[in-house]
Amino acid sequence: MRYTLISILLSFATLTMAKDNVVLSPNGQLKTIVKCEDGKLKYEVLLNDKQIVRNSALGLYTNLTDFTRRLQVTDIETNTVEKKGKMSRTKQSTVNYRANTLTLTCQNTDSMVMKVEFQVSDNNVAFRYLIPKQKLSKWRESFSGTGLFKRMVITGEASAFRFPDYTTTFICPQIGPDTGWENSKPSYEEEYVADAPINNVSKFGRGYTFPCLFHVGDCWVLVSETGVGGNYCGSHLSDYSPDKGYRIAFPDAGENGGFGSPYAAFSLPGATPWRTITVGESLKPIVETTIAYDLVEPLYEPSIDYRPGRYTWSWLIWQDPSVNYDDQVRFIDLAAAMGYEYCLVDGCWDTQIGRDRMVDLSKYAQRKGVSLLLWYNSNGIANDAPQTPRDCMNTAIAREKEMRWLQQIGVKGIKVDFFGGDKQETLQLYEDILSDANRYGIQVIFHGCTLPRGWEKMYPNFVASEAVLASENVYFSSYHADREGFQLTLHPFIRNTVASMDWGGVIMNRYMSKDNKKRHPRKTSDVFEMASGITNQSSVNCVAIQPNNLTELPAFELDFLKQLPTTWDETRYLDGYPGKYIIMARRHGKDWYVAGLNGTDQPMTVTLDLSALFSPASVHQLYIDKPKVKDEIVPSSEKKEIKLDKKGCLKVTLQPMGGVIVK
């Protein structure tokens, strides 16, 4: 018996000797190496032979077995994948995805099987785990007579991301449950820290929310996940460990009011979501990546052709008292005057206006060519937020009744707020709301919520999520008004590059008050705000213009805001640095819009190479800030006609907290 055991162990050791399995991107520049070393799976990523991700762990912890150790590779498969198609609610209207794949089949000493699949496209690495139905090992046969396990609970992941020690970070801390206003967090609304050392401990000791941006020497890396719906829990990154790196972390047990499991579960065969790594020697691949959508497929067909557009919103400046019939009529009229498609009626409409009068309000809006979007509290157990309507979205029976009524009175969308975290039960609630809403032709915006993970493609009536420290904070405090430039020059590289973002408004009031004279001022210029309507991407976008702005703003600013697109066929990065400035271009049909934001307190002169967008010496409209004069909080704006030089370039100066638009 002793000699038989030694023979088995020697055989296992031979099978688990490290062997490099390499998969290259189609252009050959990005390399992923996967190997099984001492019974453990590891991978590394190189870009043009520069090590980006050092040897990092792979594997799953489950209720049936441990897939992190004593593994042997039993099969290796390579392939290619190519997808072409259309998208309608993201920064790109076409899908043109090509990747090389590597799938390793592994078996452990319990004779249980796990596959790990890698897809490597130009500038992107993605991996996930595939679990087939599992044969019972002999020591567990007494628990079942069928011979197969058909379900599995994932209790954790070994999946990790180790970077070189000189890496700096642009990441947002994860906060614990039952925190924040009315115990409404976590809600992905903490503050990013830019250019931080990799060994910094997170502010709350709970790691970091996706997406996470890293500066690795002269390269950039964005880590996130996609394909997460009711099939799994939402994950985040742990704090950094020099020997293990950042690891995939699951939700806190206290999330969702303590209800539900912090683990993930699925039927077998099953698959985990994709972990994504976008890599570039510049920030261009980071801003332009579509990997969050490339890896997923629609889960159902749209019931109608959902309409993109712009919406007005009283609550941002006029706050809770504005949710009354007369004030909403003013904002419907404002939407109609601007040619906007929607008006959002915020919380407590059911008590401050009443359901009967909401029927009349919706009819009034429709006569004006405007459709209503209505706000809802998500459920009754995740937090203590008092705003109503409550308990209309948390059960199938309640949703069926509510959404039938919404369809009957002509409401076209809902904004559902205050979710409980990232547990699988909560992710299932998001999916159920979206699926039920689609039956009634209703599109959905989420607030106080998690990061969307491929949802624009998975759920065709999904519009956008907040999942960011958004515009309401500019209203709440001068501190956040001061930091608006920093925030909005971060998100094109991080939060908004992986998913549509409902920032909550192109803010045109100079002061954060209804009369536009009191409280603290906005610190960004008008052109900055106008340009943010381009740099912030959402197919139904808020322009938080106020009725007084119709007579206060220059005519050229109003004209621009009237024709502001919200859907894009192409996105290109031109220049920038996270938290300092961003210059990018988006194409709507045949028209290119170039937008720039300066988030710093110093003027910035840049030369824009627009030769790939416009013809040399062509004439364009330039929206720009004048140099600030004495006693101005921010500079005033101007519109003028300009001509590109013979090389197709344009030299401009962005004023402090200012912007630029070329079209």
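Each residue takes its place number in the sequence, starting with 1.
- One distance of note links CZ of Arg522 with CG of Asn516; it measures 8.5 Å at 0.5 Å rounding.
- In this structure, a donor-acceptor pair under 3.5 Å is present between the side chains of Gln443 and Tyr342.
- The closest side-chain donor-acceptor pair between Thr653 and Thr605 falls under 3.5 angstrom.
- Residues Asn549 and Asn509 have side chains in contact (heavy-atom distance under 4.5 Å, counting atoms from C-beta outward).
- Between the Gln537 side chain and the Arg89 main chain, a donor and an acceptor come within less than 3.5 Å of each other.
- Taken from CZ in Arg519 to CD1 in Ile317, the straight-line distance is 8.0 Å, to the nearest 0.5 Å.
- For the residue pair Asn124 and Tyr97, no side-chain donor N or O sits within less than 3.5 Å of a side-chain acceptor on the partner.
- Although no hydrogens or angles enter the test, the distance criterion places a donor-acceptor pair under 3.5 Å between the side chain of Asn496 and the main chain of Ala499.
- Counting heavy-atom neighbours within 6.0 Å of Glu301 CD, excluding the residue itself, gives a total of 12 or less.
- Side-chain contact of Gln119 with Thr101: a donor-acceptor pair under 3.5 Å is absent, judged by distance alone.
- Across all non-hydrogen atoms, the minimal contact from Lys562 to Ala337 is CE-O, 3.8 Å.
- For Asp305, the CG atom counts as loosely surrounded, since its 6.0 Å shell holds 12 or fewer non-hydrogen atoms of other residues, nucleotides or ligands.
- Side-chain contact check for Tyr581 and Asp575: at least one donor-acceptor pair (N or O, by modelled atom type) lies under 3.5 Å.
- Pairing each heavy atom of Lys368 with each of Ala336, the nearest pair is O-CB, 3.7 Å.
- Residues passing the salt bridge (charged side-chain N to carboxylate O under 4.0 Å, His left out) test with Glu472, sequence neighbours excluded: none.
- Side-chain contact between Ile277 and Val221: present, with at least one pair of heavy atoms (C-beta onward) separated by less than 4.5 Å.
- Seen from the ring of Trp318, Lys514 counts as a face-on cation partner, given the 6.0 Å and 45° thresholds.
- For the pair Ser224 (side chain) and Phe210 (backbone), a donor-acceptor distance under 3.5 Å is absent.
- The side-chain heavy atoms of Leu222 and Val498, taken from C-beta on, include a pair separated by under 4.5 Å.
- In this structure, the side-chain contact (heavy atoms from CB on, under 4.5 Å) partners of Pro164, at least two apart in sequence or on a different chain, are Arg54, Tyr166, Thr167, Val216.
- Salt bridge status for Lys651 with Asp645: absent, with no side-chain N to carboxylate O gap under 4.0 Å.
- Put simply, OH on Tyr306 and OG on Ser88 are 11.0 Å apart, with the number rounded to the nearest 0.5 Å.
- Side-chain contact between Tyr459 and Tyr300 is present, with heavy atoms from C-beta onward closer than 4.5 Å.
- Evaluated for a side-chain hydrogen bond (donor to acceptor under 3.5 Å, both in side chains) with Ser637, the options Glu529, Lys626, Glu557 yield exactly one hit, Glu557.
- Annotation: the span from Asn598 atom CG to Met604 atom CE amounts to 4.0 Å, rounded to 0.5 Å.
- Between the Arg453 side chain and the Trp274 main chain, no donor and acceptor come within less than 3.5 Å of each other.
- In terms of heavy-atom proximity, Thr497 sits nearest to Pro492 at CB-O, 3.4 Å.
- The neighbour count for Lys415 NZ, taken as heavy atoms of other residues, nucleotides or ligands under 6.0 Å away, is above 12.
- Residues Cys343 and Tyr311 approach most closely at N-CB, 4.3 Å, considering heavy atoms.
- Pairs passing the salt bridge (charged side-chain N to carboxylate O under 4.0 Å, His left out) check and including a residue from residues 584-601, sequence neighbours excluded, read Glu570-Arg587.
- Sorted by first and then second residue, the pairs that involve residues 596-622 and meet ring-ring contact (aromatic ring centres under 6.0 Å, His included), not counting sequence neighbours, are Phe614-His620.
- Atoms OG1 and CZ, from Thr489 and Phe528 in turn, are 6.5 Å apart once rounded to the nearest 0.5 Å.
- When side chains are defined from C-beta on, Lys523 counts as touching Ser478, because their heavy atoms get closer than 4.5 Å.
- At distances below 3.5 Å, not a single donor-acceptor pair connects side-chain atoms of Glu466 with backbone N or O atoms of Asp502.
- A salt bridge is defined here as a Lys NZ or Arg NE, NH1 or NH2 lying under 4.0 Å from an Asp or Glu carboxylate O, and Asp122 with Arg98 fails to meet this definition.
- With hydrogens and angles disregarded, a donor-acceptor distance shorter than 3.5 Å links the side chain of Ser303 to the backbone of Asn438.
- Checked by atom type and distance alone, the side chain of Ser611 never pairs as donor or acceptor with a backbone atom of Gly648 at under 3.5 Å.
- Sorted by first and then second residue, the ring-ring contact (aromatic ring centres under 6.0 Å, His included) pairs with a member in residues 460-485 read Trp455-Phe462; sequence neighbours excluded.
- Looking at residues two or more places apart in sequence or on another chain, you find a salt bridge (charged side-chain N to carboxylate O under 4.0 Å, His left out) between Lys518 and Asp515.
- Electrostatic pairing of Lys628 and Glu632 does not count as a salt bridge here, judged by no charged N lying under 4.0 Å from a carboxylate O.
- Separating the CZ atom in Phe214 from the OG1 atom in Thr168 is a distance of 10.0 Å, to the nearest 0.5 Å.
- Using bins of under 30°, 30° to 60° and over 60° for the plane-to-plane angle, the ring pair Trp503/His491 lands in the tilted bin.
- No side-chain heavy atom of Tyr340 sits under 4.5 Å from any side-chain heavy atom of Val370.
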- Message: Pair Glu281, Lys50 - check salt bridge (charged side-chain N to carboxylate O under 4.0 Å, His left out), show working.
- Response: CA-CA 10 Å; Glu281 290 180 328; Lys50 301 173 186 175; 3.2 Å; yes
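- When only modelled atom types and interatomic distance are considered, Thr571 and Gln92 share no side-chain donor-acceptor pair under 3.5 Å.
- Salt-bridge annotation for Asp294 and Lys83: absent, with no side-chain N of the basic residue lying under 4.0 Å from a carboxylate O of the acidic one.
- Asn536 and Asn541 form no side-chain donor-acceptor contact under 3.5 Å, judged by distance and modelled atom types alone.
- In summary, the aromatic rings of Phe493 and Trp220 are positioned with their centroids too far apart to meet the 6.0 Å limit.
- Residues Ile171 and Thr209 are not in side-chain contact: their nearest non-hydrogen atoms beyond the backbone lie 4.5 Å or more apart.
- Taking 4.5 Å as the limit, every side-chain heavy atom of Thr600 sits out of range of all side-chain heavy atoms of Met657.
- A distance-only check finds no donor-acceptor pair linking the side chain of Thr289 to the backbone of Ile286 [under 3.5 Å].
- Residues Asn27 and Ser25 bring a donor and an acceptor atom of their side chains to less than 3.5 Å of each other.
- With hydrogens and angles left out, the side-chain atoms of Glu456 and Ser500 include a donor and acceptor closer than 3.5 Å.
- Electrostatic pairing of Arg483 and Glu191 counts as a salt bridge here, judged by a charged N lying under 4.0 Å from a carboxylate O.
- Ring pair Phe560/Tyr623: centre-to-centre distance below 6.0 Å.
- Using a 3.5 Å distance cut-off with no hydrogens or angles, the side chains of Asn100 and Thr80 do not pair a donor with an acceptor.
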- Item | Audit row: Glu341, Arg310, salt bridge (charged side-chain N to carboxylate O under 4.0 Å, His left out) steps and yes/no | CA-CA 6 Å; Glu341 295 78 4; Arg310 293 71 47 92; 3.0 Å; yes
